[in-house]
Each structure stands twice: as C-alpha cells, then as structure tokens.
Amino acid sequence: MQNETYEPLRIEKKWQENWISQNKFLPKESEKVFSIVIPPPNVTGSLHMGHALEHSIIDVITRIKRFQGYKTLWLPGTDHAGIITQLLVEKNLEKDGISKYDLGRENFLNKVWDWKEESGNTITTQMKTLGMSCDWSRERFTMDEGLSEAVKKVFIELYEKGLVYKGSRMVNWDIKLQSAVSDLEVSSTNEKGKLWTIKYSVDDTFIEIATTRPETLLGDTAIAVNPNDERYKHLVGRKALVPIVNREVEIVADDYVDQDFGSGCVKITPAHDFNDYEIGIRHNLESIQCIGFDGNIVNEEFIPKELRGLERFEARKAIIKQLTDQNKLSNIEDYDLQIPRGDRSKTILEPMVSEQWFVKTKQLAEKAIQVVESEEIKFVPKNWEKTYFEWMYNIQDWCISRQQWWGHRIPAWYDNNGKIYVGLNEVEIRKSNKIDEDTILYQDEDVLDTWFSSALWPFSTLGWPDKTKDLEEFYPTSLLVTGFDIIFFWVARMIMMGMFSMESIPFKDILIHGLVRDSQGRKMSKSLGNTLDPLELSEKHGADALRLSLIEKANPGQDVPFDEEWTIASKKFGNKVWNAAKFVHLYSDEEFSEEVIEVNSPENIWILHTFNSTLTQFNESIENYKISDAYKLLYNILWSEQFDWYFEFAKTLISKSTHSKETKYVLRKIFLESLKLLNPAMPHLTEEIWSSFKKTYLIDEEWPVEISITDSESNQIEQLKELISQIRNFRTNYKISNKIILEIYITGNLPDWFLVQLQEIAKVKVINSKNSNSSSKIVFSALNISLEINAEEYIDIDFELTRLNKKINELEKSRNISEQRLQNVNFINNANQELIDKEKNNLENLTEEIELIKATIKNLTI
RNA sequence: GGGAGAUUAGCUCAGUCUGGCAGAGCACUUGCUCGACACGCAAGGGGUCACAAGUUCAAAUCUUGUAUCUCCCACCA
C-alpha cells in the first residue's frame with residue numbers, strides 16, 4: 001500500500017465480497033450470545049438516510065459484539081408492507097389502464113409477487129454496498145412460508161383465547177383504499193374549514209346547531225344538550241325536525257355536550273362520528289348510514305333524489321344550498337379544524353360502522369407494561385418509557401383486518417349461515433368441525449394489518465412455531481434499534497406478541513435513535529428537496545465515510561443533523577488513517593519483530609497510557625450506547641494525540657535514541673489496536689490496512705484489552721508539549737522560519753530524552769547554562785520548567801510587551817479569583833481539603849508564571 | 001387540553017445526574033512543498049452558557065418562574 005492513495009471504492013467492494021464469501025458474518029460458536037433482528041424495511045423500497053443511520057448503528061454494535069467474542073447474529077429481512085406495495089403496483093398497472101379488478105385477486109397478486117421479485121433485492125443489495133455485516137443466509141421476508149405459518153398460528157391462538165374477535169364497530173374508513181385502517185394510521189391535520197349553524201325546527205320554534213360537516217345531517221338520529229344547560233332543559237325529551245330529510249328525532253341530555261361551545265346543541269349522527277356513535281349506544285339511538293363506503297351519499301329512499309349518489313363533499317355543497325334556500329342556515333364562520341387523513345392515502349377518512357377483526361389489547365398490554373416497569377426491557381434513552389406507558393395505559397382494541405389483497409389472508413372461513421371457523425386451512429377446518437364436502441366454505445376476503453406480522457418478527461424469523469435451534473439460542477434478542485416513530489406501531493406490539501406467543505420478552509434493550517435531518521435541522525423531505533441519497537454519498541466519498549459521519553452524531557434519542565460536509569470530513573479522516581498506516585509501515589517494517597518488548601521511554605509509556613484510557617472511555621460510552629461519544633473521542637485521540645504528537649515523538653525515538661526497537665513495537669501495537677476500535681465504524685478501510693500488516697482478518701480479531709505498563713504516567717509529556725507549543729507560537733508571532741534553529745538556555749536538570757525531543761520537534765538548540773550575555777530575554781514556562789531565549793535579534797519589543805501584558809492580565813485575573821477564594825473563610829471551612837490543596841497549588845503556579853513574565857518584561861525594557 | 005425534549009462559539013453538539021477558572025468537530029484568520037498525509041502541518045481569533053429571581057463560599061450545572069422552538073398524544077360539534 002506504500003505507493004497507493006486512499007480510494008474507498010476500490011477497497012470496499014473487494015472486502016464486501018470477500019467477507020460474505022468467507023462467511024465472516026455467520027455466528028461463531030461461543031457461550032455468550034448477541035442477537036439482533038433488523039427492523040424490516042419495505043421489500044420494494046430503497047435505502048434512505050434513515051436506514052443508513054439505523055443500519056450503521058446496528059452494524060457498529062454488532063461488529064463490536066463479534067469482536068468481544070459473542071456468538072453474534074444480525075438477522076436481515078424485509079417487510080411486505082401491504083398497503084404501500086399494493087398501491088405501488090396498482091399505480092403501475094394504472095399506467096396501462098388496468099385496474100386490479102380487471103385482473104382479479106389471483107392475477108393481481110401474481111403481479112405483486114413479480115414486482116417483489118424484481119425490486120425486492122434492491123434494498124439488501126444497497127445494504128451490502130454499505131458493508132452491513134448481516135447473516136444473509138438467514139434473511140427472511142414477512143410473507144415467506146414460515147412467517148405466514150407463524151401469522152396464522154398466532155391469529156388462531158389469539159382467537160381461541162378470545163383475544164381476537166370479529167365485530168361491527170366504528171372504524172376509520174379510507175375511501176381511496178376501500179379499507180379500514182387502525183387508529184395509529186390516522187394523522188390529524190389542521191385545516192381551514194367552516195362552522196355552519198343550522199336551524200332545526202322544534203314544534204313552531206327552532207334550535208340552532210353548529211356543525212362542521214353538514215352532510216352528515218342526513219343520518220342524524222338525535223339532538224343532544226348538556227343536562228345542566230338551563231336554556232334547553234325544557235326541550236329534553238321533545239322532538240326536533242332534521243331539515244332536508246324531515247326526520248323527527250329526540251332531544252337527549254348528555255354530559256358530553258359542552259354548553260359553551262357553539263349553541264350548546266349537538267346533532268348526533270351515530271353512523272358517522274366516533275362520539276356520536278358512543279352517544280348513540282348510551283341513548284339507544286338508531287344508526288343511519290348516509291355516506292356509503294365509496295364516499296358517496298347512499299342511494300336510499302329517505303335521501304332526497306337529487307342528493308343520492310353525490311360524492312360526500314359535493315353533497316355538502318348541495319345541502320348548504322338547500323338550507324340557504326329554505327332559510328335554515330343562520331350563520332357561517334371560518335373555522336380551524338382537525339381533519340383526519342389516512343397516513344398512506346392522504347384522503348380524508350370517514351368514520352364508518354363496519355364488520356372488522358380486532359385484537360383485544362387490554363390483557364396483552366398488561367404484561368407488556370409490566371416487563372418495561374420491571375426493567376426487563378429497557379428503553380434507551382429512558383424517557384421514551386413514558387411515551388410507551390402513556391399509550392399502553394390508554395390502549396384501544398387494534399383493528400387488524402384490511403380490505404386489501406396483498407398480505408396475510410385472514411385464516412377464517414364462513415359457511416352459508418355465516419358461522420365462523422378459524423383454522424390453518426380449509427381441510428383442517430372441515431376435519432376438526434366435521435363439515436362435509438356439500439357444505440360450501442368461503443374464506444374471509446380480508447388480509448391482516450402489515451404490523452400484525454411485523455409484531456411477530458423477533459421470533460417468527462428464528463423459526464417459530466417450530467422449536468428450532470436458532471429460536472432457542474437467539475431468542476430473546478439482545479437489542480432492538482429503531483426510531484421513535486414506530487414505538488406504538490411496532491415496538492409495543494412486538495412486546496405484546498412476544499409475551500403472548502413466547503411468554504418472554506422479545507428483546508432486552510430498545511435503543512431509540514433520532515431522525516436524520518438536514519444541516520439546518522429540518523426534516524428531510526422530497527417536497528423540501530433536501531433529501532440526500534446514501535448510495536450517492538457512499539459512491540462519492542465511500543461507505544466508510546458515510547458510516548462514520550452518521551455514527552459520529554448518533555447518540556441515543558438524538559436527531560442527526562446531516563450535511564455532505566460531515567461525510568467529506570470523515571473521508572478526510574479515512575485518508576489520514578490511511579496515511580498513518582503508511583507512516584507506521586515506513587518507520588516500523590524494518591527490523592520489526594512480533595515479540596513483546598519492555599517499554600521504557602516516557603514517550604512510549606505516555607502513548608500506551610493514552611490508549612488505555614481511551615479504550616476505557618470508549619468501552620464505557622458503547623456500554624451506554626453513546627456511539628457518537630465513543631467515535632468522537634477516538635477521532636480526536638487518533639488524530640491529535642497519536643498521529644500528530646506521538647508520531648513526531650516516534651520519529652525522534654527511532655532515529656535519535658536507543659529506544660528504536662521498542663518504539664517500533666509500540667508504534668505498530670497501538671496503531672493496530674486502534675484499528676480494532678475504528679473497524680466497526682469504518683470496516684473496509686481498517687480491514688484493508690490490517691491486511692497490509694497481517695495475514696489474518698481484522699474481523700476475526702479480539703477486542704483490545706488494556707495494555708499492561710509497569711511505569712506510571714508522568715506529566716512530563718504534557719509539559720514538553722506545552723513548551724513546544726510556546727516556542728512555535730513565538731516563531732509564528734515573529735515570523736521566524738522553521739529552518740532557523742533557535743538557541744534556548746536552560747538551567748537545572750531536565751532528562752536527556754526531554755531535551756532531545758524538544759530540540760527535534762521545536763527546532764531548537766539547548767544550551768545548558770545560564771544566559772548571561774543578553775538584555776532581551778523571553779521565558780517559556782510550563783509548570784516548574786522554564787526556558788530562556790535571547791530574543792533581541794527577533795523581536796519587536798513593543799509587540800512583545802503588549803502580548804506579555806495581555807497575558808499577565810489574564811493570569812492575574814485568574815490569580816485574583818484564586819486568591820479571593822482562598823481568603824474566603826467560608827471556602828476554607830466548607831470546601832473539601834483536596835479542593836483547597838488544588839487551589840493552593842494553582843495559586844502557586846499562577847504566581848510563579850506571572851513572576852516569570854514580569855521578569856521577562858523587565859529584561860525587555862532595560 | 002395533556003405529555004416529552006431543547007435553548008452553550010458562525011454551524012452541529014459535549015459538558016448539567018455528582019456545583020469548583022467554558023470544551024470538541026466543522027467553518028474562519030495567518031504562516032508553512034520540514035520524506036505518512038495540502039483530504040495536510042502549525043499558530044490564532046471567536047461565547048452575558050435564552051431570561052429573571054433564589055440556594056450556595058462558589059451556579060452553564062441545583063430550585064422556582066418566564067420566554068422561544070421541536071415533537072408526540074387527545075372526539076369539542
């Protein structure tokens with residue numbers, strides 16, 4: 001690699017293929033097990049920044065666990081994503097003017113499978129491009145045979161325990177999808193609307209009723225007032241006349257009504273409003289459907305002819321016109337309202353009463369709450385627990401049937417009398433229920449909510465319901481990494497289903513990551529045009545650079561602001577590491593031996609200590625899933641301590657000391673150990689570099705442990721660094737070229753190695769005597785070490801005096817604070833002794849430094 | 001209406017749990033072809049820690065309140 005430059009693309013593909021062909025991502029036998037299942041992306045989707053972030057986090061953790069000797073499984077797979085995929089295929093067919101009904105169910109499903117086969121590999125291929133270390137031999141799909149069996153099995157078990165039921169209830173109906181959707185799939189948006197006040201006749205007078213949806217009056221079956229409302233008390237029990245349909249309805253009293261809103265009277269349409277539905281039940285009201293499942297006004301006798309079949313919002317206009325004409329409209333005002341729209345279709349949802357399948361959630365939720373309360377399952381960060389509990393305590397039954405074709409068909413059959421049979425298949429059902437061939441059975445047309453199968457993912461992917469070895473070994477999984485947006489959709493339901501089917505938690509920790517945003521903190525969205533394509537970024541700067549740039553910002557729960565700049569910076573870091581490797585080769589290849597060598601020189605001892613403390617902090621951060629902290633630390637330590645300071649020290653040691661052999665050993669040792677820490681974030685680069693040093697695979701290595709050092713660390717290296725910086729600063733200020741060797745006077749005894757490094761790195765010549773001949777002296781000092789230089793030939797005295805005075809000012813400020821603190825009786829009495837000693841020491845140092853500078857000033861002004 | 005989070009350098013964020021002289025990266029300024037690296041090296045500039053009051057010898061950090069922003073959840077017709 002000595003003559004090569006860092007080209008990520010060249011090495012990345014090579015290693016991806018190599019690792020997979022050498023089975024490096026398969027779990028290796030060990031007592032300790034670490035398993036993680038991927039949050040399955042949509043099978044027809046392609047990778048976006050959110051995936052790239054999530055997968056990078058998972059891959060880093062997985063690779064670390066693999067290093068740490070765990071039997072490590074990262075199980076990949078995809079989700080059939082019922083509604084989205086079906087919509088996509090439908091849209092595609094539309095281009096050729098074909099509807100799904102033209103094809104029929106079976107042919108349409110064949111088309112979807114074709115589509116899945118065609119585009120299903122896109123996302124997994126893209127994951128491979130980013131170097132994700134999944135066990136591809138265990139890849140699963142929510143609609144593959146095994147998982148479909150699992151879905152049926154769970155449905156049947158739930159049904160048999162009475163936890164799944166079919167019922168006629170009010171649900172959110174999506175007119176475009178022609179399907180029910182669950183509460184979670186509804187997003188309320190603030191929109192401008194109107195509030196109409198309509199007069200309803202009561203005998204020869206009338207009452208006023210405000211509504212935002214006048215078309216529903218066709219289905220009104222009551223008027224409600226608050227029981228305490230003095231204005232209307234006398235009307236309760238009397239009849240009002242619904243305009244247009246001229247239906248007589250009762251005026252009822254119900255607490256739900258807010259006296260202070262509108263007129264204090266509410267029209268009640270049990271068939272088309274969630275609250276009205278409840279009131280309808282309380283008051284035993286008739287439920288009259290006036291809007292059909294197609295979104296049009298129903299074609300019924302009670303509806304005036306001219307309104308029948310009208311689209312719901314057209315009907316609204318027509319009704320407003322009729323009311324106006326009949327002088328029944330007393331007020332119209334602009335009104336901000338919450339409009340429920342379907343997440344997928346974006347159409348306005350219609351509450352409808354219909355027959356659907358539901359999961360009874362109360363009982364399932366209890367266990368799911370308990371395991372989080374007892375911290376068997378931990379949210380990271382912890383505060384997401386609250387969100388989880390909040391939802392769990394108020395959980396509603398889950399509507400799981402969808403009037404769609406693409407998905408797991410509900411394993412329920414009906415005979416001609418409408419009797420329900422639930423079972424694995426028709427044959428099975430006939431057998432167990434003793435139904436002869438003459439009786440015709442129909443399977444339920446509906447499919448299950450996609451999230452139903454996702455809820456089983458942690459165990460269905462491992463082979464359940466069979467008692468497989470994988471299931472036994474890898475369940476419960478160790479960790480779930482996911483976004484907060486699907487805590488309810490997915491996380492909560494996995495816990496419920498895990499507890500139900502496995503009687504055990506599905507995962508131990510839940511690491512919640514944030515959203516990838518743009519550099520200004522805005523959500524990435526197509527409409528804003530601020531999206532970035534992870535594959536494009538990886539092609540431009542390398543997968544390793546992309547991964548590191550995401551990882552560096554990914555602390556638990558935090559959003560990840562992102563800019564291509566970050567990836568470019570990571571690429572530069574990769575380049576730095578690449579060149580550092582070349583440096584290590586250049587300085588250590590010759591005369592290098594693998595044997596462990598005793599380390600004596602302070603510079604080497606220092607870098608080993610630095611490595612050890614970095615390792616400790618790094619491990620601690622990772623334990624707490626603070627991946628960002630860990631990698632930021634590594635980035636800084638490698639770049640500034642190892643590659644800058646230590647490499648300079650090493651040059652001197654190798655060429656100018658008797659520690660050459662030991663230094664070669666340390667130089668290579670800490671570099672290679674550091675590569676292991678970096679590997680999970682930048683696997684390709686580090687594997688490539690490793691292969692230039694060793695014949696083994698880096699991925700097969702063990703995680704570093706602290707390097708044992710007999711000597712304790714001294715602070716002399718820090719003093720040396722400080723002095724070098726000061727001398728460099730002096731050069732910069734006076735534009736003294738690096739080529740000029742400055743003469744430095746020193747008295748007292750500093751060790752030889754110290755002086756050698758000082759001379760080499762600061763480009764000075766040390767003269768070990770008192771400086772007697774000069775009037776203009778500059779003093780450099782670090783703690784108890786001070787050096788002098790004859791300065792008259794370089795310096796501008798005024799400039800230097802200004803600079804030194806400024807410095808004295810700063811130091812005196814600090815000294816004053818320190819003095820005041822020490823003179824403060826309360827401080828002395830209250831603070832602990834250690835702190836007081838530290839403060840005294842600090843004051844001493846400051847005083848000494850100030851004296852030195854004062855002496856320098858005196859010298860300069862003579 | 002209920003809940004969660006945020007506010008520290010131009011930008012993105014550490015630091016707050018456990019009080020003790022404000023940190024990093026990027027960006028910026030200046031100098032530098034010194035054999036790993038100009039995707040670099042070196043030296044710099046830059047902050048009333050949102051605001052207010054309190055506790056304390058001492059507050060970015062603890063307490064209370066205020067302001068602004070983000071995000072969830074919720075049926076006011």
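The sequence lines fix the lettering, A, B, ..., with proteins before strands; numbering per chain opens at 1. Model, not experiment: these values are computed from the prediction.
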Original post:
From the list G5(B), C21(B), A43(B), which nucleotide is the closest neighbour of the side chain of Ile817(A)?
Top reply: C21(B)
**OP:** Report the distance from atom CD1 of Ile487(A) to atom C1' of G3(B), rounded to the nearest whole Å.
**Re:** 13 Å
**OP:** Sticking with atom P, work out how far U55(B) lies from U16(B), rounded to a whole angstrom.
**Re:** 25 Å
Original post:
Can you tell me if the side-chain N/O atoms of Lys267(A) get under 4.0 Å from OP1 or OP2 in A77(B)?
Top reply: no
Subject >> Partner of His585(A) under ring pair (Phe, Tyr, Trp, His ring centres under 6.0 Å), chosen from Phe693(A), Trp578(A), Phe671(A) >> reply: Phe693(A)
Original post:
From the list C76(B), A36(B), G25(B), which nucleotide is the closest neighbour of the side chain of Lys651(A)?
Top reply: A36(B)
Original post:
Where does the angle between the aromatic ring planes of Phe488(A) and Trp391(A) fall among parallel (under 30°), tilted (30 to 60°) and perpendicular (over 60°)?
Top reply: parallel
Original post:
So does Ser725(A) get a side-chain nitrogen or oxygen closer than 4.0 Å to the phosphate oxygens (OP1/OP2) of A43(B)?
Top reply: yes
Original post:
Do Lys576(A) side-chain and C39(B) base share a donor-acceptor contact under 3.5 Å?
Top reply: no
Original post:
Base, sugar-phosphate, or nothing: which does Arg821(A) touch, judged by heavy atoms less than 4.0 Å apart?
Top reply: base
**OP:** Determine the contact category for Asn738(A): base if any of its heavy atoms lies under 4.0 Å from a base atom, sugar-phosphate if only primed atoms, P, OP1 or OP2 are that close, otherwise nothing.
**Re:** base
**OP:** Answer with base, sugar-phosphate or nothing: what part of the nucleic acid does Phe573(A) contact at a heavy-atom distance below 4.0 Å?
**Re:** nothing
Original post:
Do Ser628(A) and Glu552(A) have side-chain N/O donor and acceptor atoms under 3.5 Å apart?
Top reply: no
**OP:** Sticking with atom C1', work out how far G23(B) lies from C75(B), rounded to a whole angstrom.
**Re:** 50 Å
Original post:
Choosing from A43(B), G40(B), G45(B), which nucleotide comes nearest the side chain of Lys806(A)?
Top reply: G45(B)
**OP:** Describe the nucleic acid contact of Phe261(A) in one word from base, sugar-phosphate, nothing, applying a heavy-atom distance below 4.0 Å.
**Re:** base
Original post:
Which one is paired to C71(B), where only Watson-Crick or G-U wobble pairs with both distances under 3.5 angstrom count?
Top reply: G3(B)
Original post:
Contact class for Ala224(A) (heavy atom, under 4.0 Å): base, sugar-phosphate, or nothing?
Top reply: nothing
Original post:
Among C39(B), G5(B), A77(B), which nucleotide sits nearest the side chain of Val257(A)?
Top reply: A77(B)
Original post:
Within the structure shown, what part of the strands sits under 4.0 Å from Tyr6(A) by heavy-atom distance: base, sugar-phosphate, or nothing?
Top reply: nothing
Original post:
At under 4.0 Å between heavy atoms, what does Lys571(A) touch on the DNA or RNA strands: base, sugar-phosphate, or nothing?
Top reply: base
Subject >> Residues Glu215(A) and His272(A): side-chain donor-acceptor under 3.5 angstrom >> reply: no
**OP:** Identify the nucleotide, in any strand shown, that forms a Watson-Crick or G-U wobble pair with U30(B), with both distances under 3.5 Å; if there is none, say none.
**Re:** A42(B)
Subject >> Given RNA chain B, 5'-ward residue of the pair Gly574(A) and Trp391(A), judged by closest heavy atom >> reply: Gly574(A)
Original post:
With no angle test and no hydrogens, is the base of C21(B) tied to the side chain of Ser814(A) by a donor-acceptor pair under 3.5 Å?
Top reply: yes
Original post:
Looking for any heavy atom pair under 4.0 Å, which part of the strands does Leu586(A) touch: base, sugar-phosphate only, or nothing?
Top reply: sugar-phosphate
**OP:** Report which part of the nucleic acid Asn275(A) touches: base, sugar-phosphate, or nothing (heavy-atom distance under 4.0 Å, all strands).
**Re:** base
**OP:** Using a 4.0 Å heavy-atom cut-off across all strands, classify Leu667(A) as base, sugar-phosphate, or nothing.
**Re:** nothing
**OP:** Just compare U12(B), C26(B), A77(B) and give me whichever is closest to any side-chain atom of Asp258(A).
**Re:** A77(B)
Original post:
How would you label the contact of Asp644(A) with the nucleic acid (heavy atoms, under 4.0 Å): base, sugar-phosphate, or nothing?
Top reply: sugar-phosphate
Original post:
If you count the non-hydrogen atoms of other residues, nucleotides and ligands that lie under 6.0 Å from CD in Gln396(A), is the total more than 12?
Top reply: no
Subject >> Any Asn729(A) side-chain N or O less than 4.0 Å from OP1/OP2 of G44(B) >> reply: yes
**OP:** Report the nucleotide, chosen from A42(B), A4(B), C72(B), that has the shortest atom-to-atom distance to any side-chain atom of Phe488(A).
**Re:** C72(B)
Original post:
Considering only G25(B), C57(B), A36(B), which nucleotide approaches the side chain of Asn830(A) most closely?
Top reply: C57(B)
**OP:** Quick one: label Tyr256(A) by what it contacts on the DNA or RNA (base, sugar-phosphate, nothing), any heavy atom closer than 4.0 Å.
**Re:** base
**OP:** Between C21(B), A77(B), C37(B), spot the one nearest the side chain of Leu846(A), thanks.
**Re:** C21(B)
Subject >> Nearest listed nucleotide, side chain of Lys626(A), among A77(B), A36(B), G15(B) >> reply: G15(B)
**OP:** State whether the side chain of Ser640(A) and the backbone N or O of Ile637(A) hold a donor-acceptor pair below 3.5 Å, judged by distance alone.
**Re:** no
**OP:** Using both distances under 3.5 Å as the test, list the Watson-Crick or G-U wobble partner of U55(B), or none.
**Re:** none
Original post:
Are OP1 or OP2 of A77(B) and a side-chain N or O of Tyr335(A) less than 4.0 angstrom apart?
Top reply: yes
Original post:
Just checking Trp639(A): base, sugar-phosphate only, or nothing, at a heavy-atom cut-off of under 4.0 Å?
Top reply: sugar-phosphate
Subject >> Sub-6.0 Å ring centroid separation between Trp639(A) and Tyr635(A) >> reply: yes
Original post:
Using a cut-off of 4.0 Å on non-hydrogen atoms, how would the nucleic acid contact of Val584(A) be classed: base, sugar-phosphate, or nothing?
Top reply: nothing
Original post:
Counting side-chain heavy atoms from C-beta on, which of C57(B), A36(B), C71(B) comes nearest to Phe484(A)?
Top reply: C71(B)
Original post:
When rounded to the nearest Å, what value does the distance between C1' atoms of C21(B) and U61(B) take?
Top reply: 15 Å
Subject >> Asn579(A) (side chain) donor-acceptor with Asn575(A) (main chain) under 3.5 angstrom >> reply: yes
